[in-house]
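A quick write-up on the structure given underneath.
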Amino acid sequence: MLRHAAEAWKKVAPNIEAPATPLSLMQPRPPTPAAIPSKLTINFVLPYKSEIANKEVDMVIVPATTGQMGVLPGHVSTIAELKPGVLSVHEGNDITKYFVSSGFAFVHANSIADIVAVEAVPLDQIDPALVQEGLAEFNAKLGSASTDLEKAEAQIGVDVHSALNAALAG
């Protein structure tokens, strides 16, 4: 089918190269190993940068909308929507924590996990005083909101700041 599209393109615009398709941009995943690997390979990306690329870790815990989801090597293939909360990356005794706003986690059968977040900040870089200030501000906006849009925007602010507050509380 892609070949037919390319041929049709050449008929319509012979001097312009056919555009790339999503399939042509995707790299094939390695095959599922026969034995469960000892490590999980993770990729953690944001719209503007790659936070973690092809890093082997022991486990990652993601804040899925269905609850905290631990991913170990050999995990069944899964797609999970992320909610505001803490993403924990476990490497031996080291645990790196990020606050994520939202996104998706794609767990592949070959012990690779791709985590895509809209926004993420290392937990140790968040100022608790600013979180409290933001929570108070959005609660005030929620109380004074008069339109459905204002209420929805204020509720999102309350939800995110509440999740930040809970993340900092531990």
Side-chain angles (χ1 to χ4, degrees), residues 1-2 5 18-128 130-131 134-135 138 149 151-170:
M1 183 161 175
L2 290 176
T21 61
L23 184 61
S24 67
L25 300 174
M26 295 176 62
Q27 297 296 321
R29 286 281 179 200
T32 303
I36 295 175
S38 61
K39 296 285 186 177
L40 173 71
T41 302
I42 66 165
N43 299 297
F44 178 32
V45 295
L46 306 171
Y48 51 88
K49 73 175 182 175
S50 175
E51 190 70 34
I52 300 172
N54 292 320
K55 187 172 195 176
E56 289 190 343
V57 300
D58 296 313
M59 174 176 66
V60 64
I61 300 174
V62 298
T65 54
T66 55
Q68 293 292 98
M69 183 174 82
V71 181
L72 294 165
H75 196 285
V76 66
S77 295
T78 305
I79 298 175
E81 182 181 2
L82 304 181
K83 66 178 182 178
V86 177
L87 169 84
S88 302
V89 179
H90 298 252
E91 299 177 76
N93 292 330
D94 295 332
I95 301 172
T96 307
K97 294 183 178 185
Y98 299 87
F99 182 83
V100 296
S101 62
S102 61
F104 288 90
F106 303 91
V107 180
H108 308 280
N110 55 5
S111 292
I112 294 176
D114 296 319
I115 302 161
V116 182
V118 173
E119 187 59 71
V121 178
L123 206 55
D124 59 3
Q125 293 181 13
I126 298 172
D127 183 345
L130 291 176
V131 172
L135 183 57
F138 280 106
L149 178 61
K151 289 176 186 173
E153 288 174 342
Q155 187 62 56
I156 290 169
V158 168
D159 292 348
V160 170
H161 282 79
S162 296
L164 274 164
N165 209 21
L168 292 171

Pick out which of I42, L40, I61, I95 makes a side chain to side chain contact (heavy atoms under 4.5 Å, CB included) with V89.
I42
For K39, enumerate each residue passing the side chain to side chain contact (heavy atoms under 4.5 Å, CB included) test, keeping only those at least two apart in sequence or located in another chain.
E56, D58
Report the residues that fulfil side chain to side chain contact (heavy atoms under 4.5 Å, CB included) with I36, sequence neighbours left out, ordered by chain and then residue number.
P73
What closest approach, in Å, do [X] and [Y] show between heavy atoms, and which atom pair accounts for it?
| X | Y | answer |
| --- | --- | --- |
| F99 | A167 | CD1-CB, 4.0 Å |
| S77 | A109 | OG-N, 3.1 Å |
| I52 | Y98 | CD1-OH, 4.0 Å |
| L168 | L123 | CD2-O, 4.1 Å |
| P47 | A117 | CD-O, 3.2 Å |
| H90 | V57 | O-CB, 3.5 Å |

If you measure from CG on N43 to CG on D114, what distance do you get to the nearest 0.5 Å?
5.0 Å
Which distance, rounded to the nearest 0.5 Å, do you find between the CZ of F44 and the NZ of K49?
9.0 Å
Answer with yes or no whether the side chains of E119 and Y48 bring together a donor and an acceptor at under 3.5 Å.
yes
Taken in chain and number order and not counting sequence neighbours, the residues that satisfy ring-ring contact (aromatic ring centres under 6.0 Å, His included) with H75 are none
Could you check if a side-chain atom of V107 sits within less than 4.5 angstrom of a side-chain atom of M69, using non-hydrogen atoms only?
yes
